[in-house]
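Presented below is the structure to which this report refers.
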Amino acid sequence: LPKGTAKRTAPQIAEAIDALGGQLTTGAEWDASTATVTTMASKIEPALEVLSDTVRNPAFSDEEIERYRQQAIDELTVNFSQPGPLATVVASRLLYGSAPYGHSLAGTPASLARIKRDDIVFAIVCLRGIDVSILPVVTRIRPLVYVCRLLCSCPQQNRHQQQADY
């Protein structure tokens with residue numbers, strides 16, 4: 001996701017977060033995807049704005065997709081040449097068969113080569129949803145107003161908000 005948005009390039013995202021002294025990370029697993037921003041409390045609003053733009057408006061430019069694809073294929077090629085990672089893939093297949101956990105989350109070089117931009121956009125549109133998201137916020141301030149304004153554009157999406165005081 002931090003590879004560019006409708007209004008920011010990947011370097012601009014990195015520069016914006018670096019200027020705030022923060023860090024933005026994203027990840028995906030079989031059961032969840034994550035987007036995290038870490039920064040000082042005094043910089044939370046601009047950091048959340050960058051996070052919101054990254055999550056809500058990913059550009060998925062063809063050149064960024066191709067760059068990431070090549071990096072992922074190179075990583076898989078190296079991993080599949082090593083016994084540990086290869087054994088993990090084989091063990092998962094033996095344990096889970098053709099169920100989702102039986103497949104490599106990272107795919108294979110051949111499967112990555114088949115993925116098109118439309119496939120990525122379709123998956124993002126169909127699988128993400130702020131209304132089915134869990135949004136833990138760990139901070140010393142009360143940022144819920146910022147989070148709601150930046151991430152929740154639909155009033156119905158705000159119906160499950162809870163804030164715990166610790």
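The shown structure was predicted, so the numbers you read here are calculated from the model rather than taken from an experiment.
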Gap separating the OG1 atom of Thr38 from the CG atom of Leu51, nearest 0.5 angstrom: 10.0 Å
Under 3.5 Å donor-acceptor, Gln12 side chain and Thr9 backbone: yes
Verify same cluster id: Ile44, Met40 (apolar side-chain graph, 4.5 Å): no
Polar side-chain atom of Asp74 near backbone of Gln71 as donor-acceptor pair, under 3.5 Å: no
Test side-chain contact (heavy atoms from CB on, under 4.5 Å) applied to Thr26 and Thr34, step by step: CA-CA 5 Å; Thr26 60; Thr34 59; 5.7 Å; no
Straight-line distance of Asn79 CG to Thr88 OG1, nearest 0.5 Å: 9.5 Å
Contact summary for Ala6 and Ala59, nearest pair of heavy atoms: N-CB, 4.2 Å
Leu105 with Leu95, same ILVMFWY side-chain cluster at under 4.5 Å: yes
Distance in Å, Ser52 OG paired with Asn57 CG, rounded so as to fall on 0.5 Å steps: 7.0 Å
Main-chain N/O of Gly107 paired to Ser111 side chain as donor or acceptor, under 3.5 Å: no
Val37 and Val50, any side-chain heavy atoms less than 4.5 Å apart: no
Side chain Arg93, main chain Gly97, donor-acceptor under 3.5 Å: yes
Atom of Phe80, atom of Pro109 and distance for their closest heavy-atom approach: CE1-CD, 3.9 Å
Distance, nearest 0.5 Å, that separates OG1 of Thr5 from CG of Asp53: 3.5 Å
Side-chain donor/acceptor of Thr39 to backbone N/O of Leu20, under 3.5 Å: yes
No-hydrogen, no-angle side-chain donor-acceptor test under 3.5 Å, Glu66 and Gln70: yes
Within 6.0 Å of OH in Tyr96, more than 12 heavy atoms from elsewhere: no
Glu49/Lys7 under salt bridge (Lys or Arg N to Asp or Glu O under 4.0 Å): CA gap, chis, key distance, verdict: CA-CA 12 Å; Glu49 195 280 322; Lys7 61 183 183 176; 3.3 Å; yes
Glu64 and Arg8: CA distance, side-chain angles, deciding distance, salt bridge (Lys or Arg N to Asp or Glu O under 4.0 Å) verdict: CA-CA 13 Å; Glu64 287 293 341; Arg8 290 183 176 95; over 6 Å; no
Nearest non-hydrogen partners of Ser104 and Val89, listed with the distance: CB-CG2, 4.3 Å
Arg117 (side chain) donor-acceptor with Phe60 (main chain) under 3.5 angstrom: yes
Any side-chain heavy-atom pair of Thr54 and Ile13 under 4.5 Å: yes
Within one Ile-Leu-Val-Met-Phe-Trp-Tyr cluster: Tyr68 and Val55, side-chain cutoff 4.5 Å: no
